[in-house]
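Here the structure comes first, spelled out in structure tokens, and everything after it is commentary.
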Amino acid sequence: MISYHSKPSSLASRMRRAAFALQLFCFLFTHGAIVDQAARLRQFSSSRLEIQCRHKDNKVHGRSHVDRATTNISRQPQDGLKEADKVSELPGQPGPAVFDQYAGYVTVNSTAGKALFYYFVEAAQDPSTKPLVLWLNGGPGCSSLGGGAMLELGPFFVNSDNKTLSANKYAWNNVANMLFLESPAGVGFSYSNTTSDYNNTGDSSTAADAYTFLINWLERFPEYKSRDFFITGESYGGHYIPQLANTILSNNKIANAPVINLKGIAIGNAYLDDNTNTRASMDYYWTHAMISRETHQAVQQHCGFNGTYTGDCRTAITAANTELGVIDPYNIYATVCYNASDPQNLHGSVKTFSQSLLSCFSPQLITWFYRQPTPTPVPRTISNHT
């Protein structure tokens, strides 16, 4: 069984009792079946281009580096919550695990009723000597539980029978204690009882909430307070991870503040900024024969990648994305799974990849999440990540 600690409101209680279900993939349904981070990130980047072209001076206003000390930290009592969060086993788990695993909520703003959901698996061997590693999926809006833990680097994968799990022999908890965080509120199981939190989330608030989560989580798991700590992730984690690291280092300088023993960060396919990401993507597509010479030349001619996105530039970028067709952006040479009853999906725009991806793994994964006969919470999505 999976147990979660109690929370104040009746809505929160229903959410706590809900098994891994649709909310985990709420972004999948509410964003045109976008389940993979690459497609989510393309949608986000496209929306950013639309916003940028409406600026008065038609330029992107960059963000300068600033120390982000968090002075207003919501600290909650953590006594007994570690034991309440312990997971005896997951449904369909292949026998007893050789490691302890936990899942639950940590309140990051008691006034707003905001809480972040985590899944934690200790190292399979000698956890007391292994570092603590936080994993953050990107998007923005992708689930670290549904993506990172259950599809990429967690200890279990869902089998094709939709019911049982198999061990992932390459799981990262072979070498580290792995903490998967659903962040920000509105992603996966993480939620807020204040509706405006869903409409106004952004990089700064995400970093502040993740820091508050860590401070409280370390009180719940005090044996990890002095442990070597690393932040890892991918995609839009190129924003989440450096900003959280900066927040930690800034707060570590404050007198009498708790010190998090941050040792390093690692980001895969990091999304750092629109200009860098778009320019690199267009060059990559061209050098791998994924778009035509004419389209690449149009991009080079009309796009300066200096913060100015003219109408001609956006037209050229749209043409490039259309020419890509259906590919696996993580492995362009791999076979793409698709629904044989709808082969036209192979010839649509690049967004279609996210839909074809569903036929590869999502049915069994979503079915497994749905198996528990418990109420499903109302999905929440991010509508304005700035």
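Positions are given from 1, in the same order as the sequence printed here.
- Residue Ile327 is grouped with residue Tyr333 when hydrophobic side chains (ILVMFWY) are merged at heavy-atom distances under 4.5 angstrom, including chains of intermediate members.
- Of all heavy-atom pairs spanning Asn173 and Glu122, the tightest one is ND2-O, 3.1 Å.
- By the criterion of side-chain heavy atoms lying less than 4.5 angstrom apart, applied directly or through intervening Ile, Leu, Val, Met, Phe, Trp or Tyr residues, Val98 is grouped together with Val121 in one hydrophobic cluster.
- From Tyr285, atom OH reaches atom CD1 of Ile332 across 10.0 Å, with rounding to the nearest 0.5 Å.
- Side-chain atoms of Thr295 and Glu323 include a donor-acceptor pair closer than 3.5 Å.
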Task: Working for side chain to side chain contact (heavy atoms under 4.5 Å, CB included), residues Arg227 and Asn177 - done: CA-CA 10 Å; Arg227 199 71 60 90; Asn177 300 285; 3.5 Å; yes
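- A donor-acceptor contact closer than 3.5 angstrom is absent between the side chains of Thr129 and Asp126.
- Two residues are said to be in side-chain contact when any heavy atoms from C-beta on lie closer than 4.5 Å; Trp217 and Tyr102 fail this criterion.
- Across all their heavy atoms, Gly148 and Phe180 have their closest contact at C-CE2, 3.8 Å.
- The line from CZ of Phe221 to CG of Leu179 is 8.5 Å long, rounded to the nearest 0.5 Å.
- Although no hydrogens or angles enter the test, the distance criterion places no donor-acceptor pair under 3.5 Å between the side chain of Asp228 and the main chain of Pro131.
- No side-chain heavy atom of Pro258 sits less than 4.5 Å from a side-chain heavy atom of Leu218.
- Note that CG of Asp209 is 7.0 Å distant from OG1 of Thr201, once rounded to the nearest 0.5 Å.
- Taking a 6.0 Å sphere around CD of Gln125, one finds it holds 12 or fewer heavy atoms contributed by other residues, nucleotides or ligands.
- A distance-only check finds no donor-acceptor pair linking the side chain of Asn159 to the backbone of Asp161 [under 3.5 Å].
- No donor-acceptor distance shorter than 3.5 angstrom exists from the side chain of Ser190 to the backbone of Gly186, with no hydrogens or angles considered.
- Contact detail for Ala210 and Leu181: the closest heavy-atom pair is CB-CD2, 4.2 Å.
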Open item on the list: Run the side chain to side chain contact (heavy atoms under 4.5 Å, CB included) test on Asp283 and Gln300 for me, step by step, so that the C-alpha distance in whole Å, both residues' side-chain angles and the decisive distance to 0.1 Å come before the verdict.
Closed with: CA-CA 9 Å; Asp283 290 343; Gln300 297 295 97; 3.8 Å; yes
Open item on the list: Please determine whether side chain to side chain contact (heavy atoms under 4.5 Å, CB included) holds for the pair Leu244 and Tyr211, giving the CA-CA distance in whole Å, both sets of side-chain angles, and the decisive distance to 0.1 Å.
Closed with: CA-CA 7 Å; Leu244 175 56; Tyr211 177 79; 4.1 Å; yes
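- Of the possible donor and acceptor atoms, one in the side chain of Ser144 sits under 3.5 Å from a partner among the backbone N and O of Asn137.
- In the hydrophobic clustering of ILVMFWY residues, with side-chain heavy atoms under 4.5 Å counting as a link, Leu272 and Leu136 come out apart.
- Residue His302 comes nearest to Thr310 through the heavy atom pair O-OG1, 3.7 Å, listed as atom of the first residue, atom of the second, then distance.
- You'll find the ring centres of Tyr105 and Phe189 outside the 6.0 Å limit.
- Here Phe117 contributes atom CZ and Leu145 contributes atom CG; the two are 6.0 Å apart, rounded to the nearest 0.5 Å.
- Across all non-hydrogen atoms, the minimal contact from Asn174 to Ala124 is OD1-CB, 4.3 Å.
- Legend: residues meeting side-chain hydrogen bond (donor to acceptor under 3.5 Å, both in side chains) with Gln78, ordered by chain and number and at least two apart, are Asn216, Arg220.
- By the ring pair (Phe, Tyr, Trp, His ring centres under 6.0 Å) test, His288 pairs with Tyr284, sequence neighbours left out.
- Looking at Trp368 and Leu90, their side chains come closer than 4.5 Å, going by heavy atoms from C-beta outward.
- We find the CG-CZ distance between Asn277 and Phe305 to be 10.0 Å, quoted to the nearest 0.5 Å.
- Interatomic distance, CD1 of Ile260 versus CD1 of Ile231, reported as 8.0 Å (0.5 Å rounding).
- Cluster annotation: Phe213 is connected to Ile265 through the hydrophobic network of ILVMFWY side chains, with a link wherever side-chain heavy atoms come within less than 4.5 Å.
- Although no hydrogens or angles enter the test, the distance criterion places a donor-acceptor pair under 3.5 Å between the side chain of Ser205 and the main chain of Gly202.
- Between the side chain of Thr194 and the main chain of Ser196, no donor-acceptor pair closer than 3.5 Å is present.
- Nearest approach of Val259 to Asn252, heavy atoms of both residues: CA-OD1, 3.3 Å.
- Looking at heavy atoms from C-beta onward, Asn162 lies out of side-chain contact with Val158 at the 4.5 angstrom threshold.
- Remark: side-chain polar atoms of Trp286 are not paired, donor with acceptor, to backbone N or O of Gln297 under 3.5 angstrom.
- Counting heavy atoms from C-beta outward, Pro155 and Phe99 have side chains that approach closer than 4.5 Å.
- Contact annotation: the side chain of Phe120 never approaches that of Asp85 to less than 4.5 Å [non-hydrogen atoms, C-beta and beyond].
- Counting only distance, with no hydrogens or angles, the side chain of Tyr309 and the backbone of Arg314 share no donor-acceptor pair below 3.5 Å.
- The hydrophobic cluster containing Met290 also contains Val299, counting ILVMFWY residues as joined when their side-chain heavy atoms lie under 4.5 angstrom apart, directly or transitively.
- At distances below 3.5 Å, at least one donor-acceptor pair connects side-chain atoms of Asn168 with backbone N or O atoms of Gly154.
- A donor and an acceptor atom, one from each side chain of Asp203 and Tyr236, are located under 3.5 Å apart.
- Under the 4.5 Å side-chain criterion, counting only non-hydrogen atoms from C-beta, Trp135 is in contact with Glu234.
- Looking at Thr232, its side chain does come within 3.5 Å of a backbone N or O of Leu134 through a donor-acceptor pair.
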